[in-house]
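One structure below.
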Amino acid sequence: MSTAHGDAHAGDAHIMIAQPRDFTWKSADGLRLYGRNWIVDAADGDTRIPVICLPGLSRNSRDFNDIARYLHAQNHHVVALDYRGRGKSDWDSDWRNYALPVEENDIALAIEKLGLKRFAVLGTSRGGLHALIMAGRYAAEQMAGVIFNDVGPHIEMRAIHRIAATLGHRMNADSLAQVADNLKHTIGNQFPSFESKDWLKLAGQLASEQSGGFVMDYDPALAHQLASLDDAAPAPDLWPLYDRLLDRPVMVIHGEKSDLLSPETCRRMVDTHPNARLKTISGQGHAPVLWETDTHEAVARFLQEL
């Protein structure tokens, strides 16, 4: 396991504290998968519950840089994973393996490798869907709580169609500024308050410099997963999976402008759960970027009670 020298991706804040360590593990079918590990020195005493951060569909572990640094400073061991075909993980030669059940087995192997006996999950979008599935594998004694970042048991299909229409497009750019412009064009209505510096920071999380240009950090074959969507098909009913979480605390982070997670779904998540709380992020849509101090503090308060 080697210590990372810091985040060299353009758009990062170049904070030289709480740098993660890279780690890798093998999937059951032999892919080399990548994660980032903010480790707490056990000698510090007051170590708190570890947090596993799971990104969105085409996103990667860099999405959690800011909140991981904050939680690490609060003595949480934080782990962020790249799914197969994303970030620094190997691409799969068969796009059909970019599927929740396959990825969930990959996640389980990472948890086993790291020896995590008790943890909380922070899942952004697809990561939250993984948390719903994981509730069937891990009892409350091990997976002690879940933070859903702008996702729930009911998904607004218009958002999935929006994502499907852009996934795998504009993969290459001449500069980070062009990546930022592409993002603004694609999801600008989800983040109306973003300034140029915000789009550049987001671009640095989603793309890496390669061969004099910038490339989005996911396999474009991922788009096949959404290419066959039936416009008339109803959204899947995931509420039975959510019911498995009634025995452990839940936090819902909702982007005020989100087109994927509705206020109605948020209310039902809170109203039907004995220990759930909601935090709405103003001026942001799908999915909140988790950069703000008040969001960090709210997540830390939730974790402290586990």
Side-chain angles (χ1 to χ4, degrees), residues 1 20-40 47-64 67-68 71 76-149 151-153 218-219 222 225 236 238 240-251 303 306:
M1 186 180 292
R21 297 179 181 179
D22 299 342
F23 77 97
T24 61
W25 78 103
K26 285 284 188 181
S27 68
D29 53 356
L31 295 184
R32 179 183 177 274
L33 305 176
Y34 171 83
R36 315 175 92 205
N37 213 357
W38 287 261
I39 299 174
V40 174
T47 57
R48 299 178 177 176
I49 188 167
V51 182
I52 301 174
C53 300
L54 302 176
L57 174 65
S58 61
R59 308 292 280 263
N60 64 76
S61 55
R62 296 201 301 276
D63 270 351
F64 300 101
I67 195 164
L71 293 176
H76 290 279
H77 173 191
V78 183
V79 178
L81 304 181
D82 285 347
Y83 308 131
R84 60 177 62 206
R86 287 80 140 189
K88 295 183 180 179
S89 288
D90 284 348
W91 290 9
D92 199 306
S93 59
D94 185 351
W95 63 264
R96 289 168 293 190
N97 289 329
Y98 296 141
L100 289 167
V102 177
E103 293 167 6
E104 201 252 320
N105 285 331
D106 294 342
I107 293 166
L109 290 173
I111 292 170
E112 180 180 344
K113 177 182 176 69
L114 295 170
L116 298 177
K117 303 301 182 186
R118 187 170 183 268
F119 56 86
V121 173
L122 166 55
T124 294
S125 195
R126 188 178 186 86
L129 299 182
H130 276 301
L132 288 173
I133 298 169
M134 290 166 67
R137 182 189 289 255
Y138 301 103
E141 290 75 22
Q142 187 168 7
M143 191 172 81
V146 173
I147 303 161
F148 292 97
N149 184 22
V151 70
Y218 67 90
D219 181 355
L222 187 63
Q225 280 289 338
L238 303 179
L241 299 181
Y242 186 68
D243 289 343
R244 295 175 178 172
L245 293 170
L246 297 179
D247 60 350
R248 66 203 88 183
V250 161
M251 179 178 182
L303 294 170
L306 297 181

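As the structure is a computational prediction, the values presented were derived from the model and not from experiment.
Across every non-hydrogen atom of Asp219 and Asp92, the tightest pair is OD2-O, 3.9 Å. Minimum interatomic distance between Asp82 and Lys88 (heavy atoms only, all atoms of both residues): OD2-N, 2.8 Å. Here the shortest heavy-atom pairing between Ala144 and Leu306 reads O-CD2, 3.8 Å. Contact record, His76 with Val51: ND1-CG2, 4.2 Å, taken as the closest heavy-atom pair. For the pair Ala120 and Leu303, the tightest heavy-atom approach, listed with the atom from each and the gap, is CB-CD2, 3.7 Å. Annotation for Arg96 and Ala99: closest pair O-CB, 3.6 Å, computed over non-hydrogen atoms.
Within the 4.5 Å cutoff, no side-chain heavy atoms of Arg21 are placed close to those of Arg36. Pro50 places a side-chain heavy atom less than 4.5 Å from the side chain of Leu116. Between Leu122 and Ile67, some side-chain heavy-atom pair lies under the 4.5 Å cut-off. Under the 4.5 Å side-chain criterion, counting only non-hydrogen atoms from C-beta, Tyr83 is not in contact with Asp106. Contact annotation: the side chain of Ile49 approaches that of Arg118 to within less than 4.5 Å [non-hydrogen atoms, C-beta and beyond]. The shortest side-chain heavy-atom distance between Pro55 and Arg86 does not fall under the 4.5 Å cut-off. Contact check for Val78 versus Cys53: side-chain heavy atoms found under the 4.5 Å cut-off. Using a 4.5 Å cut-off on side-chain heavy atoms (C-beta onward), Val146 and Met251 make no contact.
Atoms OG and CG, from Ser125 and Leu57 in turn, are 7.0 Å apart once rounded to the nearest 0.5 Å. One distance of note links CG of Leu100 with CE of Met134; it measures 12.0 Å at 0.5 Å rounding. Distance CG/Leu109 to CD/Glu104: 10.0 Å, rounded to 0.5 Å. Of the inter-residue distances, the one linking Tyr34 atom OH with Asp22 atom CG reads 3.5 Å to the nearest 0.5 angstrom. Note that the CG atom of Asn97 and the CG atom of Leu31 stand 8.0 Å from one another [nearest 0.5 Å]. Atom CG of residue Leu71 and atom CZ of residue Phe64 lie 11.0 Å apart, to the nearest 0.5 angstrom.
In terms of the salt bridge (charged side-chain N to carboxylate O under 4.0 Å, His left out) criterion, residue partners of Asp63 (sequence neighbours excluded) are, by chain and number, Arg59. Residues satisfying the ring-ring contact (aromatic ring centres under 6.0 Å, His included) criterion with Phe148, sequence neighbours excluded, are absent altogether.
Each of Leu81, Leu114, Ile111 was evaluated against Trp25; a single residue qualifies, Leu81, per the side-chain contact (heavy atoms from CB on, under 4.5 Å) test. Test Ile107, Thr124, Asn149 against Leu54 for side-chain contact (heavy atoms from CB on, under 4.5 Å) and you get one pass: Ile107.
Residues Asp29 and Arg84 are paired through a salt bridge, judged by an N-O separation under 4.0 Å between the basic side chain and the carboxylate.
The number of heavy-atom neighbours closer than 6.0 Å to CZ of Arg32, taken from other residues, nucleotides and ligands shown, is 12 or below.
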Practice task
Evaluate the criterion side-chain contact (heavy atoms from CB on, under 4.5 Å) for residue pair Val102 and Asn105; output intermediate values, then yes/no.
Solution key: CA-CA 5 Å; Val102 177; Asn105 285 331; 5.8 Å; no
Exercise for the section: Could you walk me through whether Glu103 and His130 pass the side-chain contact (heavy atoms from CB on, under 4.5 Å) test, one step at a time? Expected result: CA-CA 8 Å; Glu103 293 167 6; His130 276 301; 2.9 Å; yes
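When ring centroids are compared, His77 and Phe119 stay outside the 6.0 Å threshold.
For Tyr218 and Asn60, the side-chain atoms include no donor-acceptor pair closer than 3.5 Å.
Residue pairs satisfying the ring pair (Phe, Tyr, Trp, His ring centres under 6.0 Å) criterion with at least one member in residues 87-113, sequence neighbours excluded, are listed as follows: Trp95-His224.
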